Amino acid sequence: MSRIPRHLITGLSALALAGAGLAVTGGTAHAAGCSQDYLPLPDPACQPGALNPDVTQNTIDSTICVSGWTATVRPSSSYTTALKKKQIVQYGYTDTSTSDYEEDHFVPLELGGAPRSEQNLWPEPEYGSDTAANKDTVENKLKKAVCADKVSLADAQDAIITDWTTALERLGLN
């Protein structure tokens with residue numbers, strides 16, 4: 001049986017990793033960079049959003065519409081801080097101070113976002129005109145509308161994922 005040359009194996013491995021969104025540098029695989037071009041939204045290739053399967057239109061009265069429910073699913077700060085540090089590098093932010101970013105759930109917990117998914121958590125800048133604080137206001141209004149049966153959960157989730165800065169207007173809630 002013939003041996004496959006090492007350079008061919010290395011080349012094919014690098015190609016497979018690149019197809020999976022990883023890059024080979026210094027002999028190890030690293031996540032490909034995320035683009036800041038989408039700000040104030042996350043890069044959709046890195047954080048497209050992810051949903052909590054326990055939260056559906058049928059379960060909102062026992063999940064998101066219960067006061068304090070998000071505290072029961074919120075990940076620990078040790079988890080989100082470690083993830084924030086990693087993702088600040090992935091986004092190539094020149095400001096690497098963790099206090100200048102909120103590790104934010106793209107689809108918020110109060111709208112059924114996945115609590116620990118890296119596809120749903122990203123380092124949202126606390127600076128600029130559309131900040132994490134602005135997004136929090138939108139999230140709270142959407143949750144109230146969902147819990148008051150003015151908007152469906154799916155429509156609120158879709159509006160956040162499409163563009164949280166226009167979500168209220170899009171759903172006629174501004």
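Quick note: residue numbers are just sequence positions, from 1. All figures in this text were calculated on a predicted structure; none of them were measured in a lab.
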If a pair satisfies disulfide (SG to SG under 2.5 Å) and one of its residues is in residues 76-120, list it, with sequence neighbours excluded.
none
Under 3.5 Å, side chain of Thr162 to main-chain N/O of Ala159, donor-acceptor pair present?
no
Given side chains that start at C-beta, do those of Leu153 and Gln157 come closer than 4.5 Å, heavy atoms only?
yes
Just do the side-chain contact (heavy atoms from CB on, under 4.5 Å) check on Asn120 and Gln47 with the steps written out, would you?
CA-CA 5 Å; Asn120 197 44; Gln47 283 81 35; over 6 Å; no
Taking Ala154's backbone N and O only, do any of them form a donor-acceptor pair with Asp158's side chain (distance below 3.5 Å, no angle check)?
no
Under the 3.5 angstrom rule, does the side chain of Tyr93 hit a backbone N or O of Pro123 as a donor-acceptor pair?
yes
Pairs touching residues 94-144 that satisfy disulfide (SG to SG under 2.5 Å), sequence neighbours left out
none
Give me each pair satisfying disulfide (SG to SG under 2.5 Å) with a member in residues 72-105, each pair once, sequence neighbours excluded.
none
State, with a plain yes or no, whether a side-chain heavy atom of Cys46 is found less than 4.5 Å away from one of Gln90.
no
Under the side chain to side chain donor-acceptor pair (under 3.5 Å) test against Asn134, which residue among Thr137, Thr131, Asp136 passes?
Thr131
Considering only residues two or more places apart or on different chains, which pairs with a residue in residues 88-133 satisfy disulfide (SG to SG under 2.5 Å)?
none
Are any non-hydrogen side-chain atoms of Leu121 and His105 less than 4.5 angstrom apart?
yes
Residue set satisfying ring-ring contact (aromatic ring centres under 6.0 Å, His included) with Tyr79, at least two apart, ordered chain then number -> none
Among all residues two or more places apart in sequence or in another chain, which pass the side-chain contact (heavy atoms from CB on, under 4.5 Å) test with Asp54?
Asn52
Got a sec, which residues hit side-chain contact (heavy atoms from CB on, under 4.5 Å) with Thr72, two or more places apart in sequence or on another chain?
Trp69
Main-chain N/O of Asp155 paired with Ser152 side-chain donor or acceptor, under 3.5 Å
yes
Going by the rule side-chain contact (heavy atoms from CB on, under 4.5 Å), which residues pair with Thr165 if we only count those two or more places apart in sequence or in a different chain?
Pro40, Asp130, Asp163
Distance-only criterion, 3.5 Å: show the donor-acceptor pairs between side-chain atoms of residues 106-119 and protein atoms not counting sequence neighbours.
from   : atom 1 : to     : atom 2 : distance (Å)
Ser117 : OG     : Gln119 : N      : 3.1
Glu118 : OE1    : Lys86  : NZ     : 2.9
Glu118 : OE2    : Lys86  : NZ     : 3.4

Can you list every salt bridge (Lys or Arg N to Asp or Glu O under 4.0 Å) pair that touches residues 99-109, not counting sequence neighbours?
Asp104-Lys135
Residue pair Val151 / Leu173, side-chain heavy-atom distance below 4.5 Å:
yes
Hydrophobic cluster identity match, Leu39 and Trp164, side-chain contacts under 4.5 Å
yes
Side chains of Asp43 and Gln36, heavy atoms from C-beta outward: is any pair under 4.5 Å?
no
Residues passing the side-chain contact (heavy atoms from CB on, under 4.5 Å) test with Ser78, sequence neighbours excluded, are Ser76
May I ask you to decide if Ser62's main-chain N or O and Thr59's side chain share a donor-acceptor pair within less than 3.5 Å?
no
Should Val73 and Val55 be regarded as members of a common hydrophobic cluster, given that ILVMFWY residues are connected when their side-chain heavy atoms come within less than 4.5 Å of each other, either directly or indirectly?
yes
Will you find, in the side chains of Tyr91 and Tyr101, an N or O donor that is under 3.5 Å from an N or O acceptor?
no
Acceptor/donor pairs from residues 142-149 side chains to any protein atom, 3.5 angstrom cut, sequence neighbours excluded:
from   : atom 1 : to    : atom 2 : distance (Å)
Lys143 : NZ     : Ile64 : O      : 3.3

